[in-house]
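First the proteins, then the strands, lettered A, B, ... as listed; each starts at 1.
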Amino acid sequence: MLREITVNTKDRSQFVDVTAQVRRVVSDAGMESGIVNLFVPHTTAGVTINENADPSVQSDMLRGLAEIAPESQGFYRHAEGNSDSHIKASLVGASEQILVDSGRLVLGTWQGIYFAEFDGPRTRKLHIKLQPDPA
Amino acid sequence: MLREITVNTKDRSQFVDVTAQVRRVVSDAGMESGIVNLFVPHTTAGVTINENADPSVQSDMLRGLAEIAPESQGFYRHAEGNSDSHIKASLVGASEQILVDSGRLVLGTWQGIYFAEFDGPRTRKLHIKLQPDPA
Amino acid sequence: MLREITVNTKDRSQFVDVTAQVRRVVSDAGMESGIVNLFVPHTTAGVTINENADPSVQSDMLRGLAEIAPESQGFYRHAEGNSDSHIKASLVGASEQILVDSGRLVLGTWQGIYFAEFDGPRTRKLHIKLQPDPA
C-alpha cells in the first residue's frame with residue numbers, strides 16, 4: 001500500500017517530527033508486522049531517524065550540517081543557490097525503513113522519524129509504503 | 001528476482017545516471033507494484049538519488065564531497081590512497097530503495113538514481129532486487 | 001522474523017564487524033533468497049557497509065568522520081556533549097539492507113557489515129528483520 005503525507009516546513013533547514021503520522025498510517029492499515037518504507041520525492045530534503053527528546057540535538061545537528069555543507073562556497077556553479085541543500089539531501093538520504101512488530105513501529109526509546117528540510121520553507125510530500133509480512 | 005547492471009565510470013569521482021536501466025529492469029519484469037532494492041557491492045562507491053536536471057548540481061555535489069572528505073589528509077594510514085573514497089561511500093550509502101506503483105518508479109519530478117563513483121575509473125556492478133507486492 | 005543481536009563496544013567511536021552474526025541469523029532461518037533489513041535502535045550509532053580487509057580503512061574513516069563532525073564545537077547547545085555522535089549517526093544512517101541469494105548474503109569481496117558506534121563504550125542492540133521471497 002502506498003500512502004502519502006504532506007509536510008509544511010517553515011525554515012530553510014528544519015527537522016519535522018513525522019513519527020506520529022507514520023504510526024497512524026501503520027495503525028490505520030492494521031499492519032501487525034512487516035516493514036514501513038519511507039521515501040522523499042524531493043532533491044533538497046531527506047528523511048532521518050534521530051533523537052526526539054532534547055530539541056537542542058536537532059538544532060545542533062542543523063548547525064553541524066551547515067558547517068559540513070556551507071550554503072555559500074566559491075566553487076558552486078548551480079544558479080539556484082541551493083547546492084548545499086542537494087549535498088545534505090544525499091548525505092542524510094531520501095529513504096528510510098522502519099520495522100513493525102506486534103502492530104508497533106520498532107523504534108528505540110529516544111528515536112523519532114524526521115523529515116529533513118534543507119531548502120524550505122516549502123510544502124513537501126513523504127511517501128509511505130507498507131510491506132506487511134505474509135500471513 | 002536479482003538482476004545486475006554494469007556501470008563503466010570515467011573519472012575518479014562521478015555520478016552516473018542509472019535511472020533508465022533501473023526502469024528497464026522493472027518494466028522487463030512486468031512488476032506492477034512493490035519495491036526496487038539497489039545495492040552496490042563495492043567499498044569505494046555508493047548509490048544516491050538527486051537532481052537530474054542541471055548538471056552543475058552534480059559537479060557542485062562532487063566538489064562539496066571533496067571538501068567534506070579530502071583526498072589527502074596527513075592522518076590517513078591506508079596505503080591505497082583512497083580513504084576519502086571509503087568515507088564518501090559510507091556517507092552516501094551502499095543501498096537505496098525505490099517504490100514502484102502502477103508499473104512505474106515513484107520518483108519526484110527532478111529525481112534521478114545515481115551510481116556514485118568515488119575511486120574510478122572502474123568497471124562496477126549494481127545489484128537490483130525486485131520485491132513485487134503479493135498478488 | 002525479527003531477531004536482535006547485542007554489540008558491546010569498547011571505544012567512543014568504533015566500527016564493529018557484525019557480518020558473521022548477520023550471516024548466522026540468515027543461515028539459522030534457512031532463508032534462501034530475500035532481504036535482510038538491519039536497524040539500529042539508538043540515536044548515537046549507525047550501521048554501514050565498508051571494507052573488511054585493511055583495518056587502517058576503518059581507523060581512517062573514524063578519523064575522517066571526527067573531522068567532519070568534531071566532538072567539540074562552540075555552537076553546540078546539547079548538554080550531553082555528544083552532538084557530534086548524533087550528527088554522525090544521521091550521516092551514516094540507522095538502517096541498512098542486504099540482499100540474500102542462494103542462501104548467502106550478496107556482498108562484494110571486500111565488504112563487511114559494521115555496527116558504527118559514535119558514543120561508546122556501551123552495550124548496543126542491532127535489530128535484524130528477514131524478508132524471505134515468497135515460495
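Annotation for C:Arg104: atom CZ does not count as buried by contact number, only 12 or fewer foreign heavy atoms lying within 6.0 Å.
Of the two parts of B:Ile35, neither the backbone nor the side chain holds a non-hydrogen atom closer than 4.5 Å to a non-hydrogen atom of chain C. Neither the backbone nor the side chain of C:Val47 comes within less than 4.5 Å of any heavy atom of chain B. In this structure, chain C has a heavy atom under 4.5 Å from the side chain of B:Leu2, while its backbone stays farther away. With a 4.5 angstrom heavy-atom cutoff, C:Leu99 touches chain B only via side-chain atoms. For B:Val92, no part sits under 4.5 Å from any heavy atom of chain C, backbone or side chain. Looking at B:Glu96, only its backbone comes within 4.5 Å of chain C, counting heavy atoms on both sides.
Comparing C:Gln97, C:Glu67, C:Met61, C:Gln58 by how many heavy-atom pairs each has under 4.5 Å with chain B, the most go to C:Gln97. Annotation: maximal heavy-atom pairing with chain C below 4.5 Å, among B:Ala89, B:Gly46, B:Ser83, occurs at B:Ser83. Ranked by heavy-atom pairs under 4.5 Å with chain B, the first of C:Leu91, C:Thr109, C:Asn50 is C:Asn50.
Between C:Arg12 and C:Glu71 there is a salt bridge, with a side-chain nitrogen of the basic residue lying less than 4.0 Å from a carboxylate oxygen of the acidic one. A salt bridge is absent between C:Arg122 and C:Glu117: the closest approach of a Lys/Arg side-chain nitrogen to an acidic carboxylate oxygen does not fall below 4.0 angstrom.
The two residues C:Val26 and C:Val100 have their closest heavy-atom pair at CG1-CG1, 4.1 Å. Residues C:Lys125 and C:His42 come closest through the heavy atom pair N-NE2, 2.9 Å. When all heavy atoms of B:Phe75 and C:Asp60 are compared, the pair lying nearest together is O-OD1, 3.7 Å.
The side-chain heavy atoms of C:Gln131 and C:Asn37, taken from C-beta on, include a pair separated by under 4.5 Å.
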